[in-house]
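Letters A, B, ... mirror the listed sequences (proteins, then strands); counts begin at 1.
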Amino acid sequence: MSDNLGTTAPHVSVEPVSVMAPDGTVLDQDFVDTIPEADLVALYEAMLAQRVYDDRMIKMQRQGRLGFYLACTGEEACSYGPAYALQAQDWFYPAYREPGIALWRGMPFQAWIDNMVGNCDDPVKGRQMPVHWTARAQNIVSISSPVGTQIPQCVGSAYAAKLRGDDAVSICFFGEGTSSEGDFHVGLNFAGVWKAPAIFFCRNNGYAISTPYEKTTAAKHIALRAHGYGIRGVVVDGNDILAVIKVVREAAEWGRAGHGATLIEAKTYRIAAHSTSDDPTSYRTREEEAHWGERCPLKRLRAYLETKGLWDEAREQACITASSERVISALGVAEGKPHPDLDTVFDDVFAERPAHLQAQYSELKAHLASGQSAYKPK
Amino acid sequence: MSDNLGTTAPHVSVEPVSVMAPDGTVLDQDFVDTIPEADLVALYEAMLAQRVYDDRMIKMQRQGRLGFYLACTGEEACSYGPAYALQAQDWFYPAYREPGIALWRGMPFQAWIDNMVGNCDDPVKGRQMPVHWTARAQNIVSISSPVGTQIPQCVGSAYAAKLRGDDAVSICFFGEGTSSEGDFHVGLNFAGVWKAPAIFFCRNNGYAISTPYEKTTAAKHIALRAHGYGIRGVVVDGNDILAVIKVVREAAEWGRAGHGATLIEAKTYRIAAHSTSDDPTSYRTREEEAHWGERCPLKRLRAYLETKGLWDEAREQACITASSERVISALGVAEGKPHPDLDTVFDDVFAERPAHLQAQYSELKAHLASGQSAYKPK
Amino acid sequence: MAKMNIIQAVNDALHLAMKSDDNVVVLGEDVGKFGGVFRATVGLQAEFGEDRVIDTPLAEAGIIGAAIGMALYGVKAVAEIQFSDFIFPAYDQIVNELAKYRYRSGGEYPCPMVIRTPVGGGIRGGHYHSQSPESLFVHHAGLVVVAPSNPYDAKGLLLAAIDSPDPVMVLEPKRIYRGPDHGKNWGSHPKGEVPEAHFTVPIGKAAIARELTGEGTPVTIITYGAMVHTCGKAAEEAAKEGIDVELVDLRSLQPYDLDAIVASASKTGRVVIANEAPRMCGYAAEMSAVVTEHCFDWLEAPVTRVTGYDTPFPYTLEFAYLPDTGRVLKALRDVATYA
Amino acid sequence: MAKMNIIQAVNDALHLAMKSDDNVVVLGEDVGKFGGVFRATVGLQAEFGEDRVIDTPLAEAGIIGAAIGMALYGVKAVAEIQFSDFIFPAYDQIVNELAKYRYRSGGEYPCPMVIRTPVGGGIRGGHYHSQSPESLFVHHAGLVVVAPSNPYDAKGLLLAAIDSPDPVMVLEPKRIYRGPDHGKNWGSHPKGEVPEAHFTVPIGKAAIARELTGEGTPVTIITYGAMVHTCGKAAEEAAKEGIDVELVDLRSLQPYDLDAIVASASKTGRVVIANEAPRMCGYAAEMSAVVTEHCFDWLEAPVTRVTGYDTPFPYTLEFAYLPDTGRVLKALRDVATYA
Ligand SMILES: Cc1ncc(C[n+]2csc(CCOP(=O)(O)OP(=O)(O)O)c2C)c(N)n1
Ligand SMILES: Cc1ncc(C[n+]2csc(CCOP(=O)(O)OP(=O)(O)O)c2C)c(N)n1
Ligand SMILES: [Mg+2]
Ligand SMILES: [Mg+2]
């Protein structure tokens, strides 16, 4: 336990927490020792697989097989780390760049892919764009496009758990761009007053689409804002998955101990484009991208595992091949499934379908049957 | 100039700035000397008059002569101080508890009273509740009931002035309760990025209606939030008008010098009820009220003026009597004036009255003429 | 049965709900120690504690956002927004999040919670203490919206809202909180009699606040909230002139009781719709369109709206602005004599 | 004249306005270096500098709030909201502040500024990149709301908006940004010809996008934005079946062109109203009510709405959800054959 946690008075620190240097050298062996080697390997494999999924999916989107995709390339540690650090009863509010939350916590891979396609088995029933999945069984809350809205919601869940006497913390993910929204402020302030066991995980990846950090805020660090809410504030090297695990664990302990919330700022970099709708060449340099490419979280963990003899090029290639096959095959399966049923347009608006929606449903059904609709069911 | 201003790197300080102790003892003679004695007397007279207006108006409201009133009792220094400290070209966004902005800057007293009554000469044409005046000639922006909305607007004006090369700062007033709204965050963050010559004046009077500071935020000071926006942050004794003048002047110099915004937190106390719709007896103690009553800004300045021989009980009584007569007579005049014309309902929705509003106007006019309306013009 | 005004009925409903279910939480600005600016939550914090009756910071987005999070987790939040004019900082949370949660999560995350908020004019509140925002919420699918017009319905609808699996907005007409006549007199009103036990008023069902007598030209009025009383008075006046009004009190705005509307409109063929909100794209517009679509062949006169004007809400001239008995009466005469 | 699509027309209008008046400022998320996610502001920052073409922090309330402050001070801000689905964090600033400033200040503080935002579906955006929020702004008095359906109007209305003394919202139908046929083909459309100089399209005036030919049963369609093209195609189909459509492209939603509506509806007696937004309390409801109120004696059939359904906006089934040519055609047949 860091001395940052030794007291119940929240503390704000902007010295980035790191466990490994960019070249994989261990800076905090004690912490590394808390994580079984098998887990380190599993985490690396999962991040590498994610990299492969992301690359594949972007290609598929270019081929017109997906409507949209958004990768977490370079930021894998910021979702696999927290997913690993927290417990089954904890609640997650991911943004759109945290696939690791889903996949590490056990959302079925095929369901995740079905969401990318929006087919009849998509957990959200084809209602949202790709990358907006949900996983109730894993306490992972439905992803929203509007950014920041989930921050006060996460505080509500954290408070509810506390009220019920449950030992659960709630964590919310968002980018540094999102931290400019009013909901950020409102949520963190409520969390402070309520001493809610919440963790606010800000991925500072340098950009909000094209907008660089300097145009997002004049604050040196987002974590400094913790001062204004009377909660803990921590900066972490977001490309160091072990450091991420460490700070999330500490934040969870702090919350479970009844001390309240923590704002974590993870410094990382969005190596990929914002999404398949974006082209970063117009707003940043190739040098900058290359610089961060070198510091990517996979390289770092791999270097460590290799020194320990836990990883090698053969395993690397095997993992890449297996992941690639896995995603291609799942995508093929997903593409083979039909569209969600017409009912899905009118269901789940309310618990029961009211008369006016039943009437609209009948009207639309007749329209499709007439053969005059622009929509062709699949 | 305090060393707080000696550098261009914004600094956050939570040591309350004070110029006079609560008993009137001077702590910073150099600063006192920058203010002509005549001005000190004028400021005291204005604050005392304000106290009288507020007391009278509350009585009038109880007698049913006003629909609503809201006093600034105990917080007079927080509007008369900034009004004095700033310049003619500066822009003001008052909340509802800053009459000093209007009256010190020269809004005609009768117009201010006409607003309380909502008569035909009310500058807002009887469209808003009392205490929601406007004074374009003084660069004082229209008061809104929704709290916090003016904070980003103030940043817009500050930016506009900078863009035009005008030497104007913009100042926005709000309570500590209001600092919980999203607009607070959004506005201060924009100001930071834009280095806008804005001053955010937070009157921390301990309550948001019945909600005490501890339920508003877990932050020790609102001023700490400046850390999160890369702007200056200052705490001031809000019952010390000279200290208020000092920090506002410094903030204005900082802004005019191109360094950007300042968040000022003025620690004060709302001695009166929130408004004539409120009764504080259920949520706070008489002792607390008495404690702060002793520390009121009028007592403090009066003590100083008396030591200097600039004030005495005779002048006190004369001022009270004159102010009382002034407000009673103005209120009588205001009550004698007719209601705003029916046109005022349909004017100013747009620059020109469109056809549908003209039709609605004609309809209403006919209705009134029919004698069947619930409304009786005065 | 007990005599209650709307505030007491709301307070009583909250009290019952909190007592019977530990899972119910009340939150909002000044709802705790103070009991709310309209006193609707008085006594709750003393009885149920600060953890369940929460004085929140001043931030509507936080109140609704946090209540959503509670709902997702399984706690039933009843949030108060002090005045509906101040609900807009939470508009995004309500329309993009609350309304859409169940749908966008494929049914995995329903979001049952309640928002209570006082609406409407008539209390000398001017611009920002008088608005009627119902159509702005009805337009977004996913929100149940109800608007009681009396103490009985206020209690029964609020309890139904708390029991509902959907998010429900309860729009409380503040001008009749303490009585329908200039804020007085629930005592003598039949709907001022309210059972003390738990009961619900079904969501989606209108009430007939005045039935046809069979004497005179039949006309339907469709309305809700405080306007039920304005229209009721107009109906009494109109009766003297040979106009026989069936007064439909919608009670639920989303979903609404199409059967009741069609039954009345097709019977009378003459329809007046009244609401306080501005005309353009207000709830009355929807009712007008619906009546035309479903009852065209029965219509003897154009469906006619009596509404607030398309201006912000004024202060001094409030009672000129607000649709009053005289304006409803004029509309009744117009449709009754239309030929 | 030049060939332009809507994006180019918008870009051209902004360019002209900024060039002729130093006082015009553009702000929004990603509008500067990147030129906007739809590329509407491309090149402006390079030409007019970072002070006048501002990449803001990600906060819609800040964009609109700051633009209001600029307007009060005398600077003309043209704010972009990246998608209208994301406008709701700024809803309070728009409806409680911007809309009411002139009124609540007794005319002392007019607030002329422009909000541009892409609206509507058809681009595979699902829930949160497809909404059509017009009625939510029209309901609040004080906001001018326009909705161009082609490049010519897009440029002319935007320039009129920038010249206007009132706050104006320009709702840009994103699905036809680059062409009316599945996002292609402004090239061959007559309104793809746009004058290069400054010109304005008058606010408050509708256009007749298709005139009656005199052959067949006359029917009026009232619509705007992208639906003008869906309806235009339906009108062509309908002509083959003996239905003769007068297609009213409203262009301005607030204020709207009552004369044009009444002229057409009273001529044809049969009216279809089409909009993409959900039905309940949508803009079509207002048009339906208005037509009934003003043209009742001429109506041969119930005024009929073709709208989005009262559900959130789906992704995979988007083209089932969106009102299409077939649905408009069905409505045309229904009203044309009504007896
Ligand atoms: C309220 C809202 N406004 C605008 C957008 C459009 N948008 C989507 S992502 C994004 C940038 C987010 O940046 P950041 O929070 O830093 O997250 P990152 O994408 O870098 O992970 C924007 C502006 C949105 N989704 N929601
Ligand atoms: C957006 C909004 N929500 C709620 C209110 C109701 N209200 C009016 S004043 C007030 C308390 C404000 O407290 P604070 O900001 O501390 O200012 P003070 O009254 O203490 O000067 C509240 C909740 C409002 N005016 N606006
Ligand atoms: Mg980012
Ligand atoms: Mg206060």
Smallest separation among heavy atoms of V186(A) and A59(C), with atom names:
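Answer, listing the atom of V186(A) first, then A59(C): CG2-CB, 3.9 Å.
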What part of [X] is in contact with chain C, defined as an atom under 4.5 angstrom from a non-hydrogen atom: side chain, backbone, both or neither?
X	result
D347(A)	backbone
I151(A)	neither
V193(A)	side chain
T344(A)	backbone
F350(A)	both
L188(A)	neither
A196(A)	neither
R136(A)	both

When you compare the side chain of [Y] with that of [X], does any pair of heavy atoms fall below 4.5 Å?
X	Y	result
Q93(C)	Q153(A)	yes
R104(C)	V124(A)	no
I54(C)	W194(A)	yes
D348(A)	Y109(C)	no

Polar contact flag, side-chain donor to acceptor under 3.5 angstrom, E97(C)-Q150(A):
no
Do Q128(A) and Y103(C) have a side chain donor and acceptor closer than 3.5 Å?
no
Taking the six-membered ring of Y73(C), is the NZ or CZ of R164(A) close enough (under 6.0 Å from the centre) and on axis enough (within 45°)?
no
